[in-house]
Amino acid sequence: MPVTVVVGAQWGDEGKGKIVDILSSDMDYVVRYQGGANAGHTIELGTEQYILHLVPSGILHPGSVCIIGNGVVVDPAALIEEINFLQGKNIKVDNRLFISDRAHLIFSFHKMLDKAREDQVGELRIGTTGRGIGPAYVDKVNRCGIRMTDIMDENLLRKKITARAESANVTLQKIYHQEPLKIQQMVEEAMEAAIIIRPFITDTTVMINKAIDDDKKILLEGAQGTLLDVDHGTYPFVTSSNPVSAGACIGSGIGPTRIDRITGVMKAYTTRVGEGPFPTELTGTEGDELRQIGSEYGATTGRPRRCGWFDLVIARYSARVNGLTSLALTKLDILDRFDEIKVCTTYEYKGKTVKNFPADLNILQKCVPIYLTLPGWKTSTSDITSYDDLPENARKYIEFLENQIGVHAEMISVGPMRKRIIIR
């Protein structure tokens, strides 16, 4: 299948980095289609750990060409830091990494606006990473954003940054009572970054569509997850773009008829970072145990993740809105120590059964998860590479999830390293 989309099917942090890394070994092109440096894909190779925020994790495979698509918002400083990191690890990026000329840029004023808003709203904060992602998408939709193509013209870039920074200063001072930006310093820093980034910029829609025409294998990867989608997530506690599979078309510049397969990545349990309702959240010792065993801390921020049991209401919703054709189930090994494992099958709200994920957060906040308890397997799965060799109760757990979601689990991850994967 030439074009595959990999999408996070929960609240992000599902282990997409590893799945993309494994699939990338057989791909000619790997394309990131949305989000910004607020995403962190973690890949472990031997004793080395790579945390990538903007560059597609396919860069770790010498045969893959990597593209940052038009749907991504790019922080030049973060991008350059990542390029330097990869080059320091002797990973080639020249003629392997390309950036869409239509991708939008993030500047210091976006980050300041992001943090100032969160500070001002207090308890109403949505829990952003403060990376300037939301304000950059606001500028994009407000038609005052600065794009990669603007980097190619130094005079135009100076004018655009200065004008937008002056406007941001008014907001920062008058509304948020912050110190103003040092505009000239910021402009000069942007000019220096532009020199480094220019060679990577091109019309990536031409590249991707030509590659598809030439029967090349393409992997489109998203950041965050379905429940953080600005349209389909737990709004307003969401990101500012569309991580769902449909966002892959918009964020990479291809038509929907080009997509052949959509793989949803789900943890064997559920986590989320930031604010917002989380029906299966465990706040006691079980939640702490899941967090510690699973090392559930954000790859970008280090924030502890909220942990809970697997939620089938979310999983079925995600399968529907993404049109999933397969599942990649990750971190099964984290459940190895539990005597019993619970799965949320439905919610209860005011005495009524709720089968479909509600849009109203006031309802969702009051939904009580209805659990089915399954027996654990109490043995290590981390060295198993064949599905048939998994403990019987582990196979029953996976097959129960498959039957309830209606999608086959083609990949099962039992550890962070590449080799700890079961392919069915």
Side-chain angles (χ1 to χ4, degrees), residues 5-14 16 31-36 38-39 69-73 100 102-104 106 110 114 117-118 121 124-129 131-143 145 220-259 262-266 270-279 311-325 347 354-365 367 405 407:
V5 178
V6 174
V7 62
Q10 293 161 317
W11 269 292
D13 306 308
E14 302 95 347
K16 296 183 295 298
V31 183
R32 168 82 176 275
Y33 63 81
Q34 50 76 224
N38 55 344
N70 57 275
V72 180
V73 287
S100 171
R102 292 171 170 83
H104 281 246
I106 295 173
H110 291 120
D114 196 353
R117 182 191 180 280
E118 285 282 270
V121 297
L124 296 177
R125 64 186 182 277
I126 60 175
T128 77
T129 59
R131 298 298 203 272
I133 311 299
Y137 276 115
V138 167
D139 280 2
K140 178 178 180 176
V141 175
N142 203 29
R143 294 165 293 184
L220 306 176
E221 63 164 323
Q224 291 92 32
T226 299
L227 274 296
L228 292 178
D229 187 276
V230 70
D231 284 279
H232 300 288
T234 49
Y235 189 90
F237 301 100
V238 293
T239 193
S240 302
S241 57
N242 293 108
V244 294
S245 59
C249 295
I250 296 169
S252 62
I254 66 171
T257 55
R258 299 290 215 171
I259 294 173
I262 302 170
T263 297
V265 186
M266 296 185 184
T270 312
T271 63
R272 91 169 286 176
V273 170
E275 308 298 324
F278 181 1
D311 189 330
L312 280 167
V313 180
I314 286 172
R316 289 189 291 259
Y317 173 72
S318 188
R320 183 170 70 249
V321 298
N322 286 296
L324 298 182
T325 61
Y347 302 149
V354 177
K355 295 182 179 179
N356 295 315
F357 194 69
D360 189 333
L361 295 200
N362 291 319
I363 293 175
L364 184 62
Q365 192 75 54
C367 281
I405 300 167
V407 184

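Note that the coordinates shown come from a computational prediction; the quantities given were computed from them, not determined experimentally.
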Side chain proximity check, V230 to Y137, heavy atoms < 4.5 angstrom: no
From D13 atom CG to T270 atom OG1, the distance as rounded to the nearest 0.5 Å: 12.0 Å
Check: V407 and M266 side chains under 4.5 Å, non-hydrogen atoms: no
Any side-chain heavy-atom pair of S100 and R32 under 4.5 Å: no
Heavy-atom pair of closest approach, residues I405 and R316: CA-CG, 4.1 Å
Side chain to side chain, L361 and P236, heavy atoms closer than 4.5 Å: yes
I259 side, atom CD1; I254 side, atom CD1 - distance, nearest 0.5 Å: 5.0 Å
Closest non-hydrogen atom pair, S318 against T226: OG-OG1, 3.2 Å
Heavy-atom closest contact (L227 atom, I314 atom, distance): CD2-CG2, 3.4 Å
Any donor-acceptor N/O pair, D311 side chain to V313 backbone, under 3.5 Å: yes
Where R131 and I106 come nearest, the two heavy atoms and their spacing: O-CG2, 3.7 Å
CD on Q34 to CD1 on I133, rounded to 0.5 Å: 10.0 Å
Aromatic plane relationship, W11 with F357 - under 30° parallel, 30 to 60° tilted, over 60° perpendicular: perpendicular
L220 side, atom CG; S245 side, atom OG - distance, nearest 0.5 Å: 10.5 Å
Gap between atom CD of Q224 and atom CD of Q10 - 0.5 Å precision: 14.5 Å
Residue pair C249 / P256: nearest heavy atoms and the distance that separates them: SG-CA, 3.5 Å
Minimal non-hydrogen separation, V6 against Y33, with atom names: O-OH, 4.2 Å
Under 3.5 Å donor-acceptor, Q365 side chain and I363 backbone: no
side-chain contact (heavy atoms from CB on, under 4.5 Å) partner of N322, the single match among D229, V5, T263, V7: V7
R272 and T234, any side-chain heavy atoms less than 4.5 Å apart: yes
Member of N142, V73, D114 meeting the side-chain contact (heavy atoms from CB on, under 4.5 Å) criterion with P135: D114
H104 and D139, any side-chain heavy atoms less than 4.5 Å apart: no
Y347 vs L364 side-chain heavy atoms within contact, under 4.5 Å: yes
